[in-house]
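Each remark here refers to the structure printed beneath this line.
Starting from 1, each residue takes its place in the sequence as its number. No hydrogens, no waters, no symmetry mates; every other heavy atom, side chains included, goes into these values. Since we're looking at a predicted model, the values are computed, not measured.
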Amino acid sequence: MYEEPTKLTKNKKIELIVLIVLIIWGLLFIVNYVRYTQSKSLFLAIHVKDDSYEDGYIEEYISFGYIYRLYQRNAISREELVPFWIGRENPESESALPKPLTDYEVPDNPKRADKFRGLLYYFDQKGDLLGTYKCLNSSSDCEKATDGHDLFNTKNKDPLTKVDVPHTLSSIHDKYAFVDDSYPQETKYGDAAYSRTIYLYQFTDKDTKILARYADVKESTYDKDYEKSMGDSYRYIVKSYENNKWGIIKINESGSIDEVLPFEYDSISYDEDTKYYILCKNEKWFIYDLENSKNVTGEIDVPIYDVWRNTNLTYYYKTGKDRVVGNDSFVDYKVYRIDGKKFIDGDRITQVVERDKTIFYITSTDNVLHFVDYSGEEKYKIQLAFSDMNYDYTRHPAFEIWYEKGDYITFRVYKGREKSYDFDTISVNVSHWEYNN
């Protein structure tokens with residue numbers, strides 16, 4: 001005889017649902033607890049990141065009745081799995097920046113040297129002492145920061161524009177300065193056996209402090225009168241200490257720091273004449289007008305070395321691609337108008353120099369120095385003995401720009417590489433050369 005199954009009462013249904021929920025919750029808690037012990041985020045959790053703290057941030061994964069927290073602050077750095085009613089720990093914020101040393105004697109520095117007896121000295125234009133800095137990361141190896149370089153180092157790859165001794169960065173608002181307080185580290189940087197540690201230092205006697213830390217700093221402009229490099233309207237090219245990317249900051253007189261361009265570039269350089277920045281991001285190069293916040297060129301696959309304008313105020317830029325042909329390693333240059341139209345495009349152009357009324361360049365296939373005006377017409381050429389422009393105390397370059405005055409450019413053209421070889425002196429007058437496009 002068929003018997004109808006007993007129906008669950010309402011209370012039994014509720015109990016069964018609660019039991020199933022508890023089983024699922026328990027399994028989920030076990031899985032998430034295992035993930036917590038492995039420092040992994042939780043399943044089925046709401047992710048919240050609070051970066052409002054001055055010394056870091058806190059991440060939370062809020063699940064069913066419990067919270068996984070990851071403290072990434074200088075004041076507290078740990079993780080926890082707690083019931084939802086347990087609030088965050090909130091110790092007082094601690095600065096990630098070191099405190100400058102203050103308890104030391106300051107010897108008299110009669111010659112007002114930048115560095116004297118292991119201390120860095122800061123003077124105003126009258127020669128009055130404003131403050132000093134004592135090295136933090138070494139006994140006496142720190143220096144006033146000099147112009148750094150990036151992965152591409154385009155400026156110093158050109159023998160005619162490279163600087164043998166990097167320029168020192170000047171003080172800022174008579175209150176602040178970049179200090180190179182580097183020390184040996186495992187990570188190599190460029191040709192040095194250490195990564196640079198650059199502090200932005202406030203050196204006023206009443207309130208010395210380190211305002212920021214960077215991995216590098218580059219000059220924008222250079223003051224020949226004071227022999228110091230400076231920023232562009234107090235804007236400086238600096239590399240982030242956290243992600244090793246370049247950005248631009250502005251340092252205000254109050255000591256506040258504005259981020260002008262974010263730290264996401266592989267290379268940044270500044271052209272003082274055009275006021276343009278040359279940027280590289282994700283292996284793409286372009287020229288940027290910071291004042292008007294716009295790109296001047298499209299993206300280019302090869303490094304941009306320079307940008308300039310001729311007497312007719314038409315803009316050009318120079319690219320350079322590293323090449324190896326046989327045993328020769330060189331940079332192969334090309335010149336474009338700012339709209340991307342090719343202006344100089346030949347085989348093995350290994351040196352390009354721009355002036356208001358002319359561009360002269362070397363073709364290393366025939367060792368000829370060509371001169372063209374901005375209509376593209378070749379106006380003059382010089383036969384060189386060789387084309388290599390690299391030089392040192394034992395070797396000559398192919399030529400030197402010996403003297404410039406007005407429209408006259410005087411060259412020394414060397415007859416051989418060794419220092420024993422003589423040179424010819426050749427002057428070129430470009431006064432009547434075409435400079436229209």
Side-chain angles (χ1 to χ4, degrees), residues 18 20-99 136-137 150-151 181 183 185-187 189 195-200 209-217 236-251 255-266 268 279-283:
V18 170
I20 293 172
V21 169
L22 288 175
I23 292 173
I24 294 173
W25 183 90
L27 292 174
L28 182 61
F29 178 81
I30 293 171
V31 170
N32 278 335
Y33 182 78
V34 172
R35 292 181 64 82
Y36 159 71
T37 60
Q38 298 173 347
S39 298
K40 296 180 180 179
S41 58
L42 309 187
F43 284 131
L44 300 177
I46 300 172
H47 178 221
V48 177
K49 181 179 180 181
D50 186 350
D51 55 5
S52 62
Y53 299 90
E54 293 181 356
D55 61 343
Y57 62 89
I58 295 176
E59 285 190 275
E60 290 184 332
Y61 291 84
I62 304 170
S63 189
F64 300 101
Y66 51 90
I67 300 174
Y68 164 61
R69 289 196 185 102
L70 177 63
Y71 295 91
Q72 294 282 23
R73 297 176 52 195
N74 291 324
I76 179 172
S77 178
R78 67 181 184 84
E79 56 185 337
E80 64 184 10
L81 187 68
V82 296
F84 70 90
W85 60 81
I86 301 296
R88 297 177 184 176
E89 293 188 43
N90 189 25
E92 186 176 348
S93 297
E94 295 181 3
S95 173
L97 301 171
K99 294 181 179 179
L136 284 174
N137 298 324
D150 57 40
L151 175 65
D181 204 341
Y183 54 98
Q185 299 175 37
E186 293 182 2
T187 304
Y189 177 83
S195 297
R196 293 185 89 187
T197 299
I198 305 295
Y199 295 134
L200 179 59
K209 66 178 71 172
I210 292 173
L211 302 177
R213 177 174 57 184
Y214 302 103
D216 209 343
V217 58
Y236 290 83
I237 304 168
V238 293
K239 180 187 279 189
S240 167
Y241 200 81
E242 282 69 37
N243 68 2
N244 278 327
K245 295 290 185 179
W246 292 94
I248 298 176
I249 61 170
K250 181 176 181 180
I251 302 171
S256 62
I257 302 170
D258 298 332
E259 185 179 280
V260 180
L261 282 184
F263 293 98
E264 55 187 32
Y265 297 93
D266 300 310
I268 300 179
L279 308 178
C280 175
K281 180 179 178 181
N282 300 326
E283 300 182 355

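I86 has its side chain out of reach of I67: every pair of non-hydrogen atoms, C-beta onward, lies at least 4.5 Å apart. Taking 4.5 Å as the limit, every side-chain heavy atom of W246 sits out of range of all side-chain heavy atoms of L279.
Taking both residues in full, the closest heavy atoms of L136 and D181 are given as N-OD2, 2.8 Å, listed atom of the first, atom of the second, then distance. When all heavy atoms of S240 and A215 are compared, the pair lying nearest together is O-CB, 3.6 Å. Here the closest non-hydrogen pair linking I257 and A212 is CD1-CB, 3.9 Å.
The side chain to side chain contact (heavy atoms under 4.5 Å, CB included) check on L151 picks up nothing, with sequence neighbours excluded. When the side-chain hydrogen bond (donor to acceptor under 3.5 Å, both in side chains) test is applied to Y199, the partners found at least two apart in sequence or on another chain are N137. Considering only residues two or more places apart in sequence or on other chains, Y71 meets the side-chain hydrogen bond (donor to acceptor under 3.5 Å, both in side chains) condition with E80. E242 pairs by the salt bridge (Lys or Arg N to Asp or Glu O under 4.0 Å) definition with nothing, not counting sequence neighbours. Under the ring-ring contact (aromatic ring centres under 6.0 Å, His included) criterion, Y214 pairs with no residue at all, not counting sequence neighbours. Considering only residues two or more places apart in sequence or on other chains, K281 meets the salt bridge (Lys or Arg N to Asp or Glu O under 4.0 Å) condition with E264. The side chain to side chain contact (heavy atoms under 4.5 Å, CB included) test applied to E283 returns no partner, not counting sequence neighbours. With sequence neighbours left out, D50 forms a salt bridge (Lys or Arg N to Asp or Glu O under 4.0 Å) with R88.
Without hydrogens or angle criteria, N243 side chain to F263 main chain gives a donor-acceptor distance under 3.5 Å. When atom types are taken as modelled, the side chain of D266 and the backbone of N282 share a donor-acceptor pair closer than 3.5 angstrom.
The pair R69-E60 meets the salt-bridge criterion, since a charged nitrogen lies less than 4.0 angstrom from a carboxylate oxygen.
Note: K245 NZ to K239 NZ = 9.0 Å, rounded to the nearest 0.5 Å. Here the CG atom belonging to L200 is positioned 6.0 Å from the CD1 atom belonging to I249, to the nearest 0.5 angstrom. One distance of note links CG of L81 with OH of Y66; it measures 7.0 Å at 0.5 Å rounding. The CG atom of L70 lies 10.0 Å from the NZ atom of K49; values are rounded to the nearest 0.5 Å.
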So Y265 and I248, side-chain contact (heavy atoms from CB on, under 4.5 Å) or not? Walk me through it. CA-CA 10 Å; Y265 297 93; I248 298 176; over 6 Å; no

If you apply the rule side-chain contact (heavy atoms from CB on, under 4.5 Å), what do you find for Y241 with I198, and how did you get there? CA-CA 9 Å; Y241 200 81; I198 305 295; over 6 Å; no

